[in-house]
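Just so it is clear: chains get the letters A, B, ... in the order the sequence lines come, proteins before strands, and each one is counted from 1.
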Amino acid sequence: MPNMEPQAIDIKVFQTILLTWFKEHGRWFPWRESGLSSYQLLIAEILLQRTKAATVDKIFTHFFNVYPNWKVIASAKLEEIENTLKPIGLHKQRAERLQKLAQKMNLNDSVLLSSRAELDAIPFIGQYIGNAVELLIQGKNKPLLDVNMARVLERYFGHRKLKDLRYDKYLQALAHDIVDHPDSISLNWAILDFAALVCQSRVPKCSTCVLQQTCTYYLTVVEIKNFRNE
DNA sequence: AACCCGGGGCA
DNA sequence: TGCCCAGGGTT
């Protein structure tokens with residue numbers, strides 16, 4: 001019954017175990033420090049698109065030394081932005097997007113960042129970054145639902161119906177329920193870290209996983225394999 | 001709702 | 001080499 005609606009108690013167990021795991025095993029990144037500006041928080045999410053956190057970590061500090069605010073990046077030479085972003089990939093695309101975004105944000109970023117409707121109207125700001133802004137800047141309980149969070153939730157609670165996670169109502173609702181928590185940010189980070197360190201795409205570390213006893217994937221796939229001695 | 005795009009990292 | 005990574009736009 002992997003696709004049954006998870007009960008509230010299941011979600012509670014999942015939250016509690018992961019938050020405990022996070023306190024000991026969570027990763028540290030500069031963009032998780034307190035006191036970052038909304039400028040830094042939003043740029044960080046753009047740098048993290050389709051890019052491993054460890055990769056972004058390599059240029060994060062340098063980037064903000066060179067480009068400390070919207071104004072600087074808005075008036076910079078596009079080639080220079082590209083060069084700064086080159087080590088993390090997708091640099092041509094990201095440089096152009098960042099500069100256009102900066103030129104818009106430089107005028108009234110406080111207005112744009114406070115409204116989801118305004119954000120959705122900005123090119124290259126999709127569902128994920130919209131949620132990230134609401135979570136990290138507006139203080140709302142929103143999921144950083146990417147392929148990694150999706151993989152963890154689906155293995156534990158059951159698989160989505162649609163291929164594209166952005167339109168899958170089951171997955172969207174589940175992710176919202178999971179991070180609807182007093183410490184929504186930590187829970188989001190816990191799931192992302194858990195996805196990167198334990199519940200990995202290719203070879204998940206089920207044998208040492210703290211969620212093993214209540215995980216759909218473990219109970220239906222891994223245990224059967226063990227039983228057959230495969 | 002499926003497909004395409006884009007680069008570095010890694011087994 | 002193919003798959004993966006804090007996605008987004010297009011058809």
Side-chain angles (χ1 to χ4, degrees), chain A residues 18 22 25-33 36 38-60 62-64 78-79 81-101 104 116 118-138 140-155 159-172 175-176 178-179 184-205:
Chain A
L18 269 190
F22 181 65
H25 303 285
R27 299 178 294 180
W28 178 91
F29 294 113
W31 52 90
R32 290 183 181 178
E33 285 288 300
L36 266 65
S38 55
Y39 165 77
Q40 291 172 307
L41 290 169
L42 178 50
I43 299 267
E45 294 306 327
I46 293 172
L47 300 185
L48 286 162
Q49 288 178 330
R50 307 297 287 165
T51 310
K52 284 182 181 169
T55 304
V56 175
D57 201 11
K58 292 188 295 189
I59 69 151
F60 188 82
H62 173 65
F63 183 91
F64 288 107
L78 189 57
E79 280 185 7
I81 305 174
E82 285 180 14
N83 279 335
T84 307
L85 295 176
K86 203 156 196 168
I88 69 170
L90 304 174
H91 52 285
K92 295 178 86 69
Q93 180 191 79
R94 265 195 282 232
E96 187 180 351
R97 291 180 178 186
L98 279 180
Q99 184 156 60
K100 286 186 174 164
L101 185 65
K104 190 171 303 211
R116 181 63 186 252
E118 297 275 7
L119 284 171
D120 288 340
I122 300 174
F124 316 124
I125 302 283
Q127 184 189 74
Y128 179 89
I129 293 190
N131 279 355
V133 170
E134 290 196 281
L135 174 74
L136 300 170
I137 297 176
Q138 299 176 12
K140 297 181 180 174
N141 297 351
K142 293 283 179 162
L144 299 174
L145 180 53
D146 68 334
V147 290
N148 304 296
M149 180 180 289
R151 182 179 62 252
V152 175
L153 298 187
E154 289 180 271
R155 279 180 178 160
H159 205 271
R160 78 183 92 163
K161 293 186 180 71
L162 301 185
K163 188 167 187 176
D164 192 327
L165 65 85
R166 291 174 294 182
Y167 307 116
D168 190 275
K169 292 201 164 188
Y170 155 76
L171 201 50
Q172 292 288 335
H176 273 86
I178 295 286
V179 303
S184 190
I185 292 179
S186 292
L187 201 38
N188 270 284
W189 289 343
I191 297 170
L192 293 179
D193 289 356
F194 187 75
L197 300 177
V198 179
C199 197
Q200 293 148 326
S201 179
R202 297 190 206 186
V203 189
K205 297 173 178 169

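Between A:Asn148 and C:dC4, a side-chain N or O to OP1/OP2 separation shorter than 4.0 Å is absent. The phosphate of B:dG8 has neither OP1 nor OP2 within less than 4.0 Å of any side-chain N or O from A:Lys58. For the OP1/OP2 pair of B:dG9 and a distance below 4.0 Å, the side-chain nitrogens and oxygens of A:Thr55 include no atom meeting the criterion. Dashed line: the shortest gap from a side-chain N or O of A:Arg151 to OP1 or OP2 of C:dC5 is under 4.0 Å. The phosphate of B:dC3 has OP1 or OP2 within less than 4.0 Å of a side-chain N or O from A:Lys163.
At a threshold of 4.0 angstrom between heavy atoms, the contacts of A:Leu47 with the nucleic acid are absent. Within 4.0 Å of A:Ser201, counting heavy atoms only, lie sugar-phosphate atoms of the nucleic acid but no base atom. Contact annotation for A:Phe124: backbone-only contact, meaning every heavy-atom pair under 4.0 Å involves sugar-phosphate atoms and none involves a base. Using a 4.0 Å heavy-atom distance criterion, A:Arg166 is classed as a base contact. The residue A:Leu144 sits apart from the nucleic acid: no heavy atom pair falls under 4.0 Å.
C:dT11 and B:dG6 have their P atoms separated by 14 Å, with the value rounded to a whole Å. For the C1' atoms, the distance from B:dC3 to C:dA6 is 22 Å, rounded to whole Å. Comparing the P positions of C:dG9 and B:dG8 gives a spacing of 22 Å, expressed to the nearest Å.
Summarising the geometry, the separation between CG on A:Leu48 and P on C:dG8 is reported as 11 Å, rounded to the nearest angstrom. One interatomic measurement links the two molecules: CD of A:Gln200 to C1' of C:dA6, which rounds to 16 Å at whole-angstrom precision. For the pair A:Arg94 CZ and C:dC5 P, the interatomic distance rounds to 15 Å; values are reported in whole Å. Whole-Å rounding puts the A:Gln49 CD to C:dC5 C1' distance at 12 Å. Atom CD1 in A:Ile125 sits roughly 13 Å away from atom C1' in C:dG9 (whole-Å rounding). Here C:dC3 presents its P atom at 14 Å from CZ of A:Arg50, a figure rounded to the nearest Å. Rounded to whole angstrom, the span from the CZ atom of A:Arg97 across to the P atom of B:dC5 amounts to 14 Å. Between A:Arg202 atom CZ and C:dC3 atom P the separation is 8 Å, expressed in whole Å.
When each of A:Pro123 and A:Arg27 is assigned the nucleotide of DNA chain C with its nearest heavy atom, A:Arg27 is the one assigned upstream, toward the 5' end. Nearest-nucleotide mapping onto DNA chain C: of A:Glu45 and A:Asp164, the residue sitting toward the 5' end is A:Glu45.
Each of C:dA6, C:dG9, B:dG7 was ranked by its minimum atom distance to the side chain of A:Arg32; first place goes to C:dA6.
The neighbour count for A:Glu33 CD, taken as heavy atoms of other residues, nucleotides or ligands under 6.0 Å away, is above 12.
In this pair, A:Tyr39 and A:Phe64 present their aromatic rings perpendicular. The plane angle is above 60°, beyond the 30 to 60° band.
None of A:Lys142, A:Glu45, A:Arg116, A:Lys140 except one satisfies the side-chain hydrogen bond (donor to acceptor under 3.5 Å, both in side chains) rule with A:Asn131; the exception is A:Arg116.
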